[in-house]
Each structure stands twice: as C-alpha cells, then as structure tokens.
Amino acid sequence: KIIPDLTIEIIPGITSFQTAAAKAQIPLAEDEEIISIFPAFSTGIVKKIKKSPSDTIIIMKPFKTRKDIVRLAEKLKYSGLYASKLCFKEEKLISDFSEVDKLPEEYLSLFIIKK
C-alpha cells in the first residue's frame with residue numbers, strides 16, 4: 001500500500017562487496033576490466049558464472065549455492081574472496097575457497113571471484 005503521509009529518505013551507502021574488497025585490500029576492477037553482480041539464487045548461477053565475460057564476478061547471498069560456487073572456482077582455478085557477516089563481530093574474510101565449506105551457511109555473505 002502507498003502511505004501518502006509517509007516521508008522516505010534514501011541514504012546512499014557503501015555496498016557490502018565494496019566493504020569486502022576494501023577490507024581484503026583487493027581491487028574490484030583495474031583498467032578496462034568488467035564487473036558483474038549476480039544474486040546466487042538466480043537460476044543456473046554456475047552456468048552464468050562460466051559464461052560471463054566479466055573479469056570480476058560478485059555473487060550476493062550464496063548461502064544455498066555456496067558449495068557449487070566453491071567447486072566451480074576451484075575447478076577453474078579462480079581466485080577471490082568469500083565474505084560473511086561484514087562489520088559484525090563474527091565477520092569472516094576468506095581467500096582460500098577450500099576453507100569456505102568448513103563455515104556455517106550464512107545469509108549475509110558474498111563471493112568476489114576473479115577470473
């Protein structure tokens with residue numbers, strides 16, 4: 001429903017993937033590199049990653065497809081970062097994808113994958 005008396009203020013902020021890249025001190029893109037952002041729950045996420053012409057792929061909220069993404073990254077020797085619970089006490093930043101499966105599934109998570 002539309003609430004006519006409600007005033008909404010949009011406040012720009014720093015995205016979670018920018019926060020993760022900054023904390024890990026990795027560039028999201030250099031020179032003419034291309035970045036794509038995918039929701040992990042999108043149909044065929046593994047195929048989309050493989051087919052993407054992007055140099056950097058950001059995958060948001062991969063808690064349900066995390067294992068498939070890790071297997072693909074390891075198979076194709078992609079590097080990158082897994083981040084969860086950014087800016088919380090339980091924050092994790094992991095660049096070794098083989099360590100990701102040891103963690104509990106986390107809704108507030110993302111991958112930054114560098115081809």
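Just so you know, these numbers use all the heavy atoms, side chains as well, and skip hydrogens, waters and symmetry mates.
In the hydrophobic clustering of this structure, Ile45 groups with Val100; members are Ile, Leu, Val, Met, Phe, Trp, Tyr whose side-chain heavy atoms approach within less than 4.5 Å, directly or through other members. Residues Ile34 and Ile37 fall into different hydrophobic clusters, defined by Ile, Leu, Val, Met, Phe, Trp and Tyr side chains chained together at heavy-atom separations under 4.5 Å. With hydrophobic clusters built from ILVMFWY side chains whose heavy atoms lie under 4.5 angstrom apart, Ile26 does not share a cluster with Ile94. Note on Phe63: it clusters hydrophobically with Leu108, by side-chain heavy-atom contacts below 4.5 Å among ILVMFWY residues.
By the side-chain hydrogen bond (donor to acceptor under 3.5 Å, both in side chains) test, Asp101 pairs with Arg71, sequence neighbours left out. In this view, Phe97 and Phe111 satisfy the ring pair (Phe, Tyr, Trp, His ring centres under 6.0 Å) rule, not counting sequence neighbours. Qualifying side-chain hydrogen bond (donor to acceptor under 3.5 Å, both in side chains) partners for Ser36, counting only residues two or more places apart in sequence or in other chains: Ser54.
Annotation: side-chain hydrogen bond (donor to acceptor under 3.5 Å, both in side chains) contacts involving residues 105-115, sequence neighbours excluded, comprise Thr56-Lys114. Residue pairs that meet the side-chain hydrogen bond (donor to acceptor under 3.5 Å, both in side chains) test with at least one member in residues 17-27, sequence neighbours left out, are Thr15-Gln18, Lys23-Glu91.
The closest donor-acceptor contact from the side chain of Glu99 to the backbone of Asp96 lies at 3.5 Å or more, if one exists at all.
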- request: Please assess Ile112 against Leu28 for the test side-chain contact (heavy atoms from CB on, under 4.5 Å), listing each intermediate value before the final yes or no.
  value: CA-CA 8 Å; Ile112 298 173; Leu28 290 171; 3.9 Å; yes
Let me check something: any side-chain donor-acceptor pairs from residues 72-89 under 3.5 Å, sequence neighbours excluded? List them with distances.
unit_1 : atom_1 : unit_2 : atom_2 : d
Glu74  : OE2    : Ser98  : N      : 3.4
Tyr82  : OH     : Arg66  : NH1    : 3.4

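Counting non-hydrogen atoms of other residues, nucleotides and ligands closer than 6.0 Å to CD1 of Ile14 gives a total of 12 or fewer.
With contacts defined as side-chain heavy-atom distances shorter than 4.5 Å, the pair Ile58/Phe38 does not qualify. Looking at Ile59 and Ile49, their side chains come closer than 4.5 Å, going by heavy atoms from C-beta outward. For the pair Glu33/Pro27, no side-chain contact is recorded, criterion being any heavy-atom separation below 4.5 Å from C-beta on. Using a 4.5 Å heavy-atom cutoff, the side chains of Ile69 and Ile113 are in contact.
Here the closest non-hydrogen pair linking Ala20 and Leu110 is CB-CD1, 4.1 Å.
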